[in-house]
Amino acid sequence: MEVGVEESSPLIRERQGKLEKLRRMGINPYGSRWEVTALAGDLQERHRDTPSAFFDSEAVTVSLAGRLMTLRDHGKTTFADLKDRTGQIQVYLREDRLGNEAYGLMKWTDIGDFLGVTGRLFRTRTGELTVAADEFRLLTKSLRPLPEKWHGLVDVETRYRQRYLDLVANPEAAAVFHRRSQLIRELRQFFDQRGFLEVETPMMQTVAGGAAARPFVTHHNALDMDLYLRIAPELHLKRLLVGGLERVYEINRNFRNEGIDTRHNPEFTMLEFYQAYADYHDLMTLTEELLPHLCRVLLGGEELTYQGVRISLSPPWPRLTVVEALRKVGGIREADLEGAEELRAVAARRGVPVQAGWGWGKLVDALMAHLVEPHLVQPTFLLDFPLELSPLARSQPDNPRLAQRFELFVAGLELANAYTELNDPQEQRQRFEEQLRAREGGDEEAHRMDEDFVRALEYGMPPAAGEGIGIDRLAMLFTDSPSIRDIILFPVLRPKEQG
RNA sequence: GACCCGUUAGCUCAGCCGGCAGAGCACCUGCCUUUUAAGCAGGGGGCCGCGGGUUCGAAUCCCGCACGGGUCACCA
């Protein structure tokens, strides 16, 4: 954003004046390269126990760079805190050490400026590790005042709209994104070690398949055709199983044209992985390894606290079929679980909103969402979902109304969804056709027909199981964040003002 | 989409039974060579989100709008 005259506050004008002054003195307020030999946080860690006397006898010279976070001017000396990507360290500037001319430049220096500093380490009277500056250079002049040092940046809207300020002012916010990055790194390692191949499949698709959701539409000019932003990578990943890759995973964005709330952002990050010759029971086992592993690496144990609730990820986790869950957790009588009419009556009685045309499967789904899922705080697998809701999953051999499918819930959040994949092309075609009928019946989220996918299955896809894990929700869990916006750097917001 | 809450200085917040717009930090001037929410003395800074209404008078009361947060609805 340009600093327009019309919006320049006195504080900005003040800084602009300093910038002009520096320019006239022949100093570039937007300096360039600076040789960095040390990092603030690393120094703090390395010298945590180094006694003052050590620095008196041994000259430890360091060169670092960062943003000026505080300034304490004492006349002929100044204390400052310099912040880099690893932390902060105090800098001590003395007129007698730097010379009048160099020290005088502090007058035109502000909190928020980027500085390069070289000097010797020492400990102050109060014991704080400090760099006594022998030289410093302005690397970037800051024209706008940063949020206040004590409370940081609190305003939620500004934190999301100007995330850079959140990251500068609130160390906890930066820590969340470090942990998110570590989580994804660890996921990759986990799957790489197990022989999975990381792949990238199209984000722009001619048929938005693999999930029940409304897509975003865009247009390709040269080809003069509409394309959809993907709602899931599933159908492409399974084509790769046909291609013989056997174990694949993808960590990437999905886009769904839906409402926004604390657990939904229109673009979100999903891990999907597929393993040939496995079924959904194998994936439950794998998931019971994966989450505790991530928790150990990130948090140092298999327990975590989410929004004040203690959660243990130590396996094994309870496995409840959907029917059992509705009975035990939802408190629905067994007799009421059999038919659609009975379920409809239960929904009405329990205040669960349902739509007129819904069959048994959709009613089960609605009742689960309201009466069961919010209560699943400790990790719980729900299994054997209605086949009606799972057009890409294989059915139960002993009950064709149910799919070989599970979902994992932790802290009331749906974290994973997996099933034994349907690989019978004829049955797949029929399932797509049923979805098309639902779509014609007004279900905008029903799956679309994907002829090429069916053709791929006709060549033969090995038996396989696949799973999707919502990375954003995992990140929420591992960073104790109440909203998905806290773990997405730039969440979708309505533009403010004219734009 | 419905309901509730919020929007006051760069930041964090008071002020809201209508009567001159406040504090802390930040900023400016002066002093200060180991401070750390540095200190001391002085000073400047406001479209009270936007638009309308009621009133002698509105940051304050009423209506509408915008943006944000929450709950619900919708939805993986």
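A note on names: the letters A, B, ... follow the listed sequences, proteins ahead of strands, and every chain is numbered from 1.
- With respect to the salt-bridge test (charged N to carboxylate O, under 4.0 angstrom), the residues A:Arg319 and A:Glu288 qualify.
- With salt bridges taken as basic N to acidic carboxylate O contacts below 4.0 Å, one links A:Lys238 and A:Glu234.
- Put simply, the side chain of A:Met106 reaches to within 4.5 Å of the side chain of A:Leu93, judged on heavy atoms.
- Taking side-chain N and O atoms only, A:His370 has a distance below 4.0 Å to OP1 or OP2 of B:A73.
- Atom CG of A:Asp110 is separated from atom P of B:G10 by 16 Å (rounded to the nearest Å).
- One distance of note links CD of A:Glu388 with CH2 of A:Trp358; it measures 10.5 Å at 0.5 Å rounding.
- Across the C1' atoms, B:U33 and B:G69 are found 49 Å apart, a figure rounded to whole Å.
- Salt bridge status for A:Arg161 with A:Asp166: absent, with no side-chain N to carboxylate O gap under 4.0 Å.
- Residue A:Arg144 has no polar side-chain atom (N or O) positioned under 4.0 Å from OP1 or OP2 of B:C11.
- Comparing atom distances between the A:Asp261 side chain and each of B:G68, B:A37, B:C74 picks out B:C74 as nearest.
- Residue contacts shown for A:Leu146 are absent, as no nucleic acid heavy atom lies under 4.0 Å away.
- Checked against B:C11, B:A73, B:C75, the side chain of A:Leu153 finds its nearest nucleotide in B:C11.
- The phosphate of B:G68 (OP1 or OP2) has a side-chain N or O of A:Arg161 nearer than 4.0 angstrom.
- For the pair A:Arg15 CZ and B:C11 C1', the interatomic distance rounds to 12 Å; values are reported in whole Å.
- Across all strands, A:Thr262 comes closer than 4.0 Å only to sugar-phosphate atoms, never to a base (heavy-atom distances).
- The partner of B:A23 is B:U12, judged by Watson-Crick or G-U wobble contacts that both fall below 3.5 Å.
- Rounded to a whole angstrom, the distance from the C1' atom of B:G44 to that of B:C25 is 16 Å.
- Partner assigned to B:G64 is B:C50, using Watson-Crick or G-U wobble distances below 3.5 angstrom.
- Under 3.5 Å, the side chain of A:Gln90 and the base of B:U35 form at least one donor-acceptor pair of N or O atoms.
- When each of B:A73, B:C25, B:C13 is scored by its nearest atom to the side-chain atoms of A:Glu148, the top-ranked nucleotide is B:C25.
- Of the candidate nucleotides B:C27, B:C11, B:U12, B:C27 has the atom nearest to the side chain of A:Ile111.
- Straight-line distance between the P atoms of B:G6 and B:A21: roughly 23 Å, to the nearest whole Å.
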Report all interatomic pairs (protein N or O, nucleotide N or O of nucleotides 32-34 of chain B) with separations under 3.5 Å.
from  : atom 1 : to       : atom 2 : distance (Å)
B:C32 : N3     : A:Gly75  : N      : 3.3
B:C32 : N4     : A:Gly75  : N      : 3.1
B:U33 : O2     : A:Arg94  : NE     : 3.1
B:U33 : O2     : A:Arg94  : NH1    : 2.9
B:U33 : O2     : A:Arg94  : NH2    : 2.4
B:U33 : N3     : A:Arg94  : NH2    : 3.3
B:U33 : N3     : A:Asp96  : OD2    : 3.1
B:U34 : O2'    : A:Arg125 : NE     : 2.8
B:U34 : O2'    : A:Arg125 : NH1    : 2.9
B:U34 : O2     : A:Arg125 : N      : 2.8

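- B:G22 and B:C27 are spaced 22 Å apart, taking the P atom of each and rounding to whole Å.
- At a threshold of 4.0 angstrom between heavy atoms, the contacts of A:Asn417 include nucleobase atoms, whether or not backbone atoms are also involved.
- Remark: of the listed residues A:Leu283, A:Ile251, A:Leu187, A:Leu283 is the sole one forming a side chain to side chain contact (heavy atoms under 4.5 Å, CB included) with A:Phe273.
- At whole-Å resolution of the value, NE2 in A:His151 and P in B:G10 are 17 Å apart.
- Using a 4.0 Å cut-off, no side-chain N or O of A:Lys149 falls inside it from OP1 or OP2 of B:C11.
- Using bins of under 30°, 30° to 60° and over 60° for the plane-to-plane angle, the ring pair A:His74/A:Phe79 lands in the perpendicular bin.
- Residue-level contact check: A:Ala211 touches neither bases nor backbone, having no heavy atom under 4.0 Å from any strand.
- Of the residues near RNA chain B, A:Glu157 and A:Gly259, the one whose nearest nucleotide (by heavy atom distance) lies more toward the 5' end is A:Glu157.
- The interatomic distance linking A:Asn257 (CG) with B:G1 (P) rounds to 13 Å, in whole Å.
- A distance of about 26 Å separates the C1' atoms of B:C72 and B:C63, rounded to the whole Å.
- Of the side-chain N and O atoms in A:Arg485, one or more sit less than 4.0 angstrom from OP1 or OP2 of B:G70.
- Taking for each of A:Thr70 and A:Gly152 the nucleotide of RNA chain B with the nearest heavy atom, the 5'-most of the two is the partner of A:Gly152.
- B:C17 is unpaired under the criterion used here, namely a Watson-Crick or G-U wobble arrangement in which both key atom distances are under 3.5 Å.
- Counting any heavy atom pair closer than 4.0 Å across all strands shown, A:Gly470 reaches no nucleic acid atom.
- Taking side-chain N and O atoms only, A:Arg72 has no distance below 4.0 Å to OP1 or OP2 of B:U35.
- Under the 4.0 Å criterion applied to side-chain N and carboxylate O atoms, A:Arg67 and A:Asp113 are not assigned as salt-bridge partners.
- The distance between atom CD of A:Glu373 and atom P of B:C75, rounded to the nearest whole Å, is 13 Å.
- Across B:U12 and B:C17, the matching C1' atoms stand 27 Å from one another, rounded to whole Å.
- Partner assigned to B:A37 is none, using Watson-Crick or G-U wobble distances below 3.5 angstrom.
- Between the CG atom of A:Asn254 and the P atom of B:C75 there is a distance of 18 Å, rounded to whole Å.
- Only the C1' atoms considered, B:U8 is 15 Å distant from B:G24, to the nearest whole Å.
- Considering only side-chain N and O atoms, A:Arg214 lies nowhere under 4.0 angstrom from the phosphate OP1 or OP2 of B:C75.
- In this structure B:G42 sits in a base pair with B:C28, meeting the Watson-Crick or G-U test at under 3.5 Å.
- Residue A:Leu64 is tested with A:Asp42, A:Ile89, A:Val91, A:Leu115 for a side chain to side chain contact (heavy atoms under 4.5 Å, CB included); the sole match is A:Ile89.
- Nucleotides B:G19 and B:A58, compared at atom C1', are 10 Å apart to the nearest Å.
- The partner of B:U71 is B:A2, by the rule that a Watson-Crick or G-U pair needs both atom distances under 3.5 Å.
- At a cut-off of 3.5 angstrom, counting only N and O atoms as typed in the model, there is a donor on one side and an acceptor on the other between the side-chain of A:His264 and the base of B:C75.
- Checked for salt-bridge contact, A:Arg485 and A:Glu157 miss the test: no charged N lies under 4.0 Å from a carboxylate O.
- Note: CG (A:Leu71) to C1' (B:U35) measures 12 Å, nearest angstrom.
- What separates CG of A:Asp365 from C1' of B:C74 is a distance of 13 Å, to the nearest Å.
- The residue A:Glu258 sits close only to the backbone: its heavy atoms come under 4.0 Å of sugar-phosphate atoms, none of a base.
- Using a 4.0 Å heavy-atom distance criterion, A:Arg263 is classed as making no nucleic acid contact.
- With A:Phe406 as the fixed residue, the side chain to side chain contact (heavy atoms under 4.5 Å, CB included) test singles out one of A:Leu383, A:Leu320, A:Thr321: A:Leu383.
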